[in-house]
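What follows is a short report on a single structure.
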Amino acid sequence: MSGISSKGLEELKNNGWLILEDGKKIKKEFRFKDFKQSIDFLKDIQPSADALDHHPDVCIYYNRVIVELTTHDMGGLTDLDYKLAIKIDELYKMKTSNL
């Protein structure tokens with residue numbers, strides 16, 4: 001398992017991910033119309049997280065879903081965080097393109 005390249009971090013930043021804790025964690029907030037859409041989004045993330053065997057920290061506040069990614073075992077960011085972040089962004093685009 002390797003870390004995220006500087007190019008990968010730049011791509012994530014350009015997609016709205018915040019780099020936290022000296023590059024050990026990424027975080028992004030996703031907004032929805034209501035609580036149901038927030039929950040549905042989390043359900044959409046679950047299969048991808050399971051497929052990678054990499055699970056995000058998530059907080060839901062009615063119409064907001066806050067996702068944080070880090071690889072706890074490695075003490076920072078890895079390619080798993082990058083892959084899941086990109087997938088989460090794709091899922092969000094698909095979900096919100098119909099709004």
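Values below: every heavy atom of this structure, side chains too, minus hydrogens, waters and symmetry copies.
Grouping the Ile, Leu, Val, Met, Phe, Trp and Tyr side chains by contacts below 4.5 angstrom, directly or via other members, places V67 apart from L20. Under the 4.5 Å side-chain heavy-atom criterion for Ile, Leu, Val, Met, Phe, Trp and Tyr, L52 and I86 are members of the same hydrophobic cluster.
Partners of K36 under the side chain to side chain contact (heavy atoms under 4.5 Å, CB included) rule, at least two apart in sequence or in another chain, are D34, D40. The side chain to side chain contact (heavy atoms under 4.5 Å, CB included) search around K87 returns S48, E90, L91, not counting sequence neighbours.
When each of D81, L42, I45 is tested with P56 by the rule side-chain contact (heavy atoms from CB on, under 4.5 Å), just one qualifies, namely I45.
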What donor-acceptor contacts under 3.5 angstrom involve side-chain atoms of residues 11-18, with partners at least two apart or in another chain?
unit_1: E11; atom_1: OE1; unit_2: Y82; atom_2: OH; d: 2.5
unit_1: N14; atom_1: ND2; unit_2: E10; atom_2: O; d: 3.3
unit_1: N15; atom_1: ND2; unit_2: E11; atom_2: O; d: 3.4
unit_1: W17; atom_1: NE1; unit_2: D89; atom_2: OD1; d: 3.3
unit_1: W17; atom_1: NE1; unit_2: D89; atom_2: OD2; d: 3.0

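Atom NZ of K83 sits about 8.5 Å away from atom OG1 of T78, to the nearest 0.5 Å. We find the NZ-SG distance between K27 and C59 to be 8.0 Å, quoted to the nearest 0.5 Å. To the nearest 0.5 Å, atoms CZ (R31) and CZ (R64) are separated by 5.5 Å.
With hydrogens and angles left out, the side-chain atoms of N63 and S38 include no donor and acceptor closer than 3.5 Å.
Counting heavy atoms from C-beta on, the side chains of T71 and L77 never come closer than 4.5 Å. Contact of the I19 side chain with the L9 side chain is registered, since non-hydrogen atoms from C-beta on lie closer than 4.5 Å. With a 4.5 Å cut-off on side-chain heavy atoms, I60 and I39 count as touching.
What you find for A85 and I26 is that their closest heavy atoms are CB-CD1, 3.8 Å.
Side-chain N or O atoms of T70 include none that pairs as donor or acceptor with a backbone N or O of H72 at under 3.5 Å. A side-chain donor-acceptor contact under 3.5 Å links S5 to the backbone of G8.
Pairs of residues two or more places apart, or lying in two chains, that qualify as salt bridge (Lys or Arg N to Asp or Glu O under 4.0 Å) and include a residue from residues 43-52 are D44-K95. Counting only residues at least two apart or on different chains, the ring pair (Phe, Tyr, Trp, His ring centres under 6.0 Å) pairs with a member in residues 40-63 are F30-F41, F32-F41, F41-Y92.
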